[in-house]
Structures are given as C-alpha cells and as structure tokens.
Amino acid sequence: MAEMLLLSRWLGAVPAFLTAHGAAPNARIGFVPTASSIYSDRAWVDLDRSTLRHQGFTTVELDVETMPTTDLAVALDDLDAVFVSGGNVFHLLAALRRTGFAEILTEHVRAGLPYLGASAGACVVGPDIEPLGMLDDPAEATGLASTTGLGWIDEVVVPHADGIVSGTAVVDELRTRFGDRFPLRFLDDDQALLVSGDSVSVVAS
C-alpha cells in the first residue's frame, strides 16, 4: 500500500508524516535530486536537503543518473523513506524511465516505503504530466517518449497553485486548458497531499 506525502514547496509536514509511519527521529531518507540536474542553480534542492537535516533526518544521496540500477535497488532496501526533490518534471520522468529506476521505485513504494515528493517529485507520480508543460519546459527533457506518469495516484498534481512561483495567470490558464481533460489537484505552497492507500487528503505543510 502506497504511503505518500506530496508537497508543493515547503516541508513542514514531513516530520509528522514519517513519525506516523514509524520512522525514528534520525531516519535515513534517500534524497533524489535528479529533477534539477540540468540547472546550474539548484538553490531549492539545497534548501530541501538542509531542511530535512535540520528536522533531524539523515539524507542519503541517490543519483539516479549515475548510480547503477542494482545499487539503487540495494540502497532503497536500507532506507526509511525516499524524497524526490523539485526541478523539471519532464527531465525527471525521462531519467526515471531511461534508467529503470521508475520500476524499482514503484516496487518499493507499493511495498510500503514512504514516499516524499516536492514539486516535480510530487507531479511525477500522477497519471500524466502533460499539463505541467505550462510550468516546466518539456524541451529540457531528453528522450521522453510519453508524458504518462508513474500512475500511483489518479490526479495530476499542480504545485505552486497560489502563483507565488509562476504567477496566477499561468495557473489559471492551465486550469482552463486542461481542466476538462485531466483530474487536476491544485496545491498551494503551504499545502501537501497526503495519500494512504485509497485515502487522499490535503494537509498543511
């Protein structure tokens, strides 16, 4: 059964989520920075990593694009949770598919490994990422044959819905253009989507 906390931006809800799933205060979290690897400025990723450490957790770097698939699988077996940070969701999905980590991660999450996803890390678990092309540039992804997401949930997560990051006009246009085609879940930056099996609820973050 999948246990997930899908965050728009802030990580305030992480400690309570992990505690509820039996994680110790110094839990080991696999940190996946892949979505941002195409950018020179990764300040938001550094902030996420440092925030998790300030919350008392140990982060273990998982470089999907350079680590052998077998090593990634072994690493997940020794972790209390996995965190996938933000960046470009198209690049992230392409890397997950290309390396085979999508299947490995899906297997572990469905087996009960708690999943934390922020921004792109939250978006990639839905049924499709096509609507996110209004927030991220699909052209920055290499070799992405399909926008079909991991499919762990039935909704397309749209982060930063309060417009602080991209502006409200873009969010409104996304709603207008894709609202009839996709089940969209808009999350403000102080919100997160808590998923426990078939139960889905919005919580403060």
Side-chain angles (χ1 to χ4, degrees), residues 1-14 16-18 20-21 32 34-35 48 81-97 101-103 105-138 141 144-205:
M1 181 173 66
E3 303 291 337
M4 294 180 278
L5 184 66
L6 307 177
L7 307 129
S8 178
R9 189 176 187 183
W10 308 121
L11 310 187
V14 170
F17 170 76
L18 291 180
H21 291 86
V32 181
T34 305
D48 284 350
V82 62
F83 179 97
V84 180
S85 63
N88 185 302
V89 68
F90 296 91
H91 170 68
L92 173 61
L93 182 60
L96 295 179
R97 295 288 191 207
F101 190 56
E103 291 76 16
L105 189 58
T106 297
E107 179 182 344
H108 280 75
V109 171
R110 287 180 175 169
L113 180 68
Y115 178 89
L116 303 157
S119 193
C123 300
V124 77
V125 307
D128 206 296
I129 63 170
E130 181 185 345
L132 284 310
M134 297 192 66
L135 302 180
D136 293 341
D137 184 359
L144 183 62
S146 168
T147 58
T148 300
L150 299 183
W152 299 349
I153 61 173
D154 296 329
E155 298 175 302
V156 177
V157 173
V158 181
H160 320 305
D162 45 13
I164 295 175
V165 173
S166 58
T168 57
V170 174
V171 176
D172 290 342
E173 185 178 354
L174 189 154
R175 190 193 308 270
T176 300
R177 288 181 57 182
F178 294 100
D180 292 337
R181 293 180 52 205
F182 297 94
L184 304 176
R185 171 71 74 166
F186 292 87
L187 293 178
D188 293 346
D189 279 345
D190 60 355
Q191 294 178 321
L193 194 65
L194 179 63
V195 181
S196 180
D198 295 328
S199 175
V200 179
S201 58
V202 176
V203 299
S205 183

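Put simply, the side chain of C123 does not reach to within 4.5 Å of the side chain of V156, judged on heavy atoms. With contacts defined as side-chain heavy-atom distances shorter than 4.5 Å, the pair V158/P131 does not qualify. Counting only heavy atoms from C-beta outward, the side chains of T34 and L96 never approach each other to under 4.5 Å. Proximity of L18 to L116: side-chain heavy atoms (C-beta onward) are separated by under 4.5 Å at one or more points. For the pair S119/H160, a side-chain contact is recorded, criterion being any heavy-atom separation below 4.5 Å from C-beta on. No side-chain heavy atom of Y115 sits less than 4.5 Å from a side-chain heavy atom of V195.
Listed for the S205 side chain is no donor-acceptor partner under 3.5 Å among the backbone atoms of D190. The backbone N or O of D137 sits nowhere less than 3.5 Å from a side-chain atom of H91 that would complete a donor-acceptor pair. S196 places no side-chain N or O within 3.5 Å of a backbone atom of E3 that could act as its donor or acceptor partner.
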V171 vs S166, side chain to side chain contact (heavy atoms under 4.5 Å, CB included): CA-CA, chis, key distance, verdict: CA-CA 8 Å; V171 176; S166 58; 4.1 Å; yes
Full working for side chain to side chain contact (heavy atoms under 4.5 Å, CB included) between L6 and I153: CA-CA 11 Å; L6 307 177; I153 61 173; 3.8 Å; yes
Stepwise side chain to side chain contact (heavy atoms under 4.5 Å, CB included) check, E155 with V200: CA-CA 10 Å; E155 298 175 302; V200 179; 4.1 Å; yes
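Atom CG of L93 is separated from atom OG1 of T148 by 8.5 Å, given to the nearest 0.5 angstrom. Atom-to-atom distance recorded for M4:CE and L193:CG is 8.0 Å, nearest 0.5 angstrom. Rounded to the nearest 0.5 Å, atoms CZ (R177) and CZ (F182) are 11.0 Å apart. The structure places CG of L7 at 11.0 Å from CD of Q191, a figure rounded to the nearest 0.5 Å. Taking CG of N88 as the reference point, atom CD1 of I129 lies at 8.0 Å (rounded to 0.5 Å). For the atom pair CG of L11 and CG of D48, the computed distance is 4.5 Å after rounding to the nearest 0.5 Å.
Minimum interatomic distance between S85 and A35 (heavy atoms only, all atoms of both residues): O-CB, 3.7 Å. Of all non-hydrogen atoms in A118 and F83, the two that sit nearest each other are CB-CZ, 3.7 Å. Pairing each heavy atom of L92 with each of A120, the nearest pair is CD2-O, 3.6 Å. M134 approaches L174 most closely through the heavy-atom pair SD-CA, 3.5 Å. The two residues L194 and L5 come nearest to each other via the heavy atoms CD1-CD1, 4.2 Å. In this structure, F186 and A161 approach most closely via the heavy-atom pair CB-CB, 3.6 Å.
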